[in-house]
Amino acid sequence: MAKYYEEPSHTFSEYLLIPGFTGEENIPDNVSLRTPLVKYKKGEEPAISLNIPMVSAVMQSVSGPDLGIALAKEGGMAFIFGSQSIASQAEMVAKVKNYKAGFVPSDSNVKPDTTIGEMLDLLHETGHSTMAVTDDGSANGKLLGMLTSRDYRIGHVNMDDKVEKYMTPREKLVVGKLGSNLSECNDMIWDHKLNQLPIVDEEDRLQYLVFRKDYDSHKENPNEILDSEKRFMVGAGINSRDYAERVPALVEAGVDCLVIDSSEGYTIWQKKTIEWIRDHYGDTVKVGAGNVVDADGFRYLAEAGADFVKIGIGGGSICITRETKGIGRGQATAVIEVAKARDEYYKETGIYVPICSDGGIVYDYHITLALAMGADFVMLGRYFSRFEEAPGEKLVVNGAYVKEYWGEGSNRARNWQRYDLGGSKTKLTFEEGVDSYVPYAGLLKDNVAVTTAKVKSTMCNCGALSIPELQAKAKLTLVSATSIVEGGAHDVIVKAHDREYNK
């Protein structure tokens, strides 16, 4: 007969944290939310860490380049959705990587005889008003001048005029030399009151641009996560079908971390995908795997070489896997069991494999519970889909602003690779996700600030100043159905504008 678990599986809403001792040092300003994203050996530092324990789900309605940029500024990472063409996904990754970079390759370049009309067409295409004028119109041609929006006025120029008529010529430009460090370039920008600094090689060929706005952005966003070249970090989802073509394109685009996007990860297909990446890239390409809900699944993926393991089946707000297929597990129980397996694996091997709680987050405090139960970070879909930067369209429904939010297993997404069990590529499937709306919540930055403030406050109540300390000190209790009711507002008439959840 089948193996039967005597204890029911539980959700986050069935638990509460018991406060610990709060000392004078336990104030939110002292709390660090830094956490490892990828595996590391005992005594070493992880190759990639997050400054907040939040990543965005691999979903069409969640993780586009705009959200990737906004989340990297706050210290988290977006995983660009993979249910699109390889070229399109790679382009989105490149957009995030090139948005904030100390040394930016120029992607808006013209020749001296380019017309103003042609230049404006390029401006419309790239959105970048800073144009490098090179002898051959390429990103690495000999620098002849720079053209910015301050050099001309629409309506006061002839569309057939050449850009050389309006550009700032090379002899009047302040330039940096290839090999200068970012600090030296920023000093030049400030000393000469520049908005951008071209970087040229010994032959005066353009190599990069350094922007004042990037320096200002870093000062405004101290938690932002950057790579060794001072570019925003971003992840991307892959599947177990076309990884041999998709992975090289994403690596070329500069992706920092991959994750195999699947509803169920305890499969031979994920192991083969990881093995292919290791065979071709060694450990230089980081890849997470999942999803799993028990110790066996974790152990399988950890031994296969996964850099982190995702936990959760059927707990997402738009996921209907449990009701269509009858598989899954309460998210809290799944995290607790996998965390124990992660710790046992670390003791045996000296390798720490971070775990990600994916799904089941309804309220902000659920994030703190997931961390206390052992998760290193959480993956969020609905949470991020509500923000301005998410790809879903903003609409007015019944007088209220909403954003579109649809599951990767819905007919709209048609991301059947996520539910791949091998076999025919043309085999028809059934829906495991729904198409829906979520209340519009504004900008990511404002909402993440509130969420992380709540997490830090709760950690202080538990006497913890870091996520590992929270996991060591946390005391958790199951709650009854009536105590859940007691925990909310009750026996009063609540003013609608006074009660607002940040979910």
Side-chain angles (χ1 to χ4, degrees), residues 65-66 69 85 87-88 90-182 184-186 188-217 229-232 249 252-254:
D66 291 342
I69 292 166
S85 72
S88 177
E91 183 179 353
M92 288 187 180
V93 168
K95 183 176 180 180
V96 179
K97 298 303 296 183
N98 292 333
Y99 178 84
K100 165 69 174 74
F103 296 93
V104 187
S106 178
D107 71 347
S108 298
N109 308 284
V110 294
K111 294 187 292 186
D113 60 354
T114 300
T115 67
I116 293 294
E118 292 170 335
M119 182 276 296
L120 291 176
D121 289 340
L122 179 60
L123 170 61
H124 178 73
E125 179 183 335
T126 66
H128 296 156
S129 60
T130 298
M131 302 277 180
V133 184
T134 60
D135 60 346
D136 59 1
S138 73
N140 300 121
K142 188 171 183 179
L143 183 64
L144 301 179
M146 295 293 297
L147 184 74
T148 72
S149 58
R150 295 189 304 176
D151 295 320
Y152 59 89
R153 291 175 62 192
I154 301 297
H156 293 75
V157 294
N158 187 319
M159 292 295 106
D160 293 325
D161 284 348
K162 309 299 183 184
V163 297
E164 62 184 345
K165 179 179 178 180
Y166 300 95
M167 72 182 188
T168 301
R170 169 65 181 88
E171 58 267 21
K172 292 185 179 181
L173 291 175
V174 176
V175 301
K177 294 298 183 180
L178 188 64
S180 301
N181 62 44
L182 188 58
E184 292 169 339
C185 293
N186 282 325
M188 292 181 68
I189 287 174
W190 283 95
D191 291 344
H192 295 278
K193 300 180 180 179
L194 306 174
N195 285 324
Q196 69 279 323
L197 178 72
I199 306 297
V200 298
D201 63 13
E202 292 181 354
E203 298 179 352
D204 214 36
R205 292 188 173 278
L206 180 65
Q207 301 299 313
Y208 303 104
L209 298 173
V210 177
F211 291 92
R212 174 192 288 265
K213 66 180 177 64
D214 287 348
Y215 176 86
D216 295 337
S217 173
E229 298 180 31
K230 305 298 183 183
R231 301 177 300 176
F232 282 145
E252 177 67 23

Run the side-chain contact (heavy atoms from CB on, under 4.5 Å) test on Leu178 and Arg205 for me, step by step, so that the C-alpha distance in whole Å, both residues' side-chain angles and the decisive distance to 0.1 Å come before the verdict. CA-CA 10 Å; Leu178 188 64; Arg205 292 188 173 278; over 6 Å; no

Apply side-chain contact (heavy atoms from CB on, under 4.5 Å) to the pair Leu120 and Ile154, showing each step before the final yes or no. CA-CA 10 Å; Leu120 291 176; Ile154 301 297; 3.6 Å; yes

Are Gln196 and Val104 close enough, and set up right, to give a side-chain contact (heavy atoms from CB on, under 4.5 Å), and what steps lead you there? CA-CA 10 Å; Gln196 69 279 323; Val104 187; over 6 Å; no

For Leu173 and Leu143, run side-chain contact (heavy atoms from CB on, under 4.5 Å): C-alpha distance rounded to whole Å, both residues' side-chain angles, the deciding distance at 0.1 Å, then the answer. CA-CA 10 Å; Leu173 291 175; Leu143 183 64; 4.0 Å; yes

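Across every non-hydrogen atom of Val133 and Lys111, the tightest pair is CG1-C, 3.9 Å. For the pair Ala249 and Ala90, the tightest heavy-atom approach, listed with the atom from each and the gap, is O-CB, 3.9 Å. Minimum interatomic distance between Ile199 and Cys185 (heavy atoms only, all atoms of both residues): CD1-SG, 3.7 Å.
The number of heavy-atom neighbours closer than 6.0 Å to CD of Glu203, taken from other residues, nucleotides and ligands shown, is 12 or below. In this structure, Glu91 places its CD atom where only 12 or fewer heavy-atom neighbours from other residues, nucleotides or ligands lie under 6.0 Å away. Shown here is Glu184, whose CD atom has more than 12 heavy atoms of other residues, nucleotides or ligands within 6.0 Å.
Every residue two or more places apart in sequence or in another chain that forms a side chain to side chain donor-acceptor pair (under 3.5 Å) with Asp107 is listed here: His128. Considering only residues two or more places apart in sequence or on other chains, Lys165 meets the salt bridge (charged side-chain N to carboxylate O under 4.0 Å, His left out) condition with Asp161.
Atom CG of residue Asn186 and atom OG of residue Ser180 lie 11.5 Å apart, to the nearest 0.5 angstrom. Rounded to the nearest 0.5 angstrom, Arg212 CZ and Leu197 CG are separated by 11.0 Å. Rounded to the nearest 0.5 angstrom, Asp121 CG and Glu118 CD are separated by 7.5 Å. In this structure, Asn98 CG and Phe103 CZ are separated by 14.5 Å, a value rounded to the nearest 0.5 Å. With values rounded to the nearest 0.5 angstrom, Leu144 atom CG is found 9.0 Å from Glu164 atom CD. Once rounded to the nearest 0.5 Å, the distance linking OH of Tyr166 with CG of Leu147 reads 10.0 Å.
When each of Val163, Leu122, Asp151 is checked for a side-chain contact (heavy atoms from CB on, under 4.5 Å) with Met131, only Leu122 meets the rule.
When atom types are taken as modelled, the side chain of Lys162 and the backbone of Ile116 share no donor-acceptor pair closer than 3.5 angstrom. Counting only distance, with no hydrogens or angles, the side chain of Ser88 and the backbone of Ser85 share no donor-acceptor pair below 3.5 Å.
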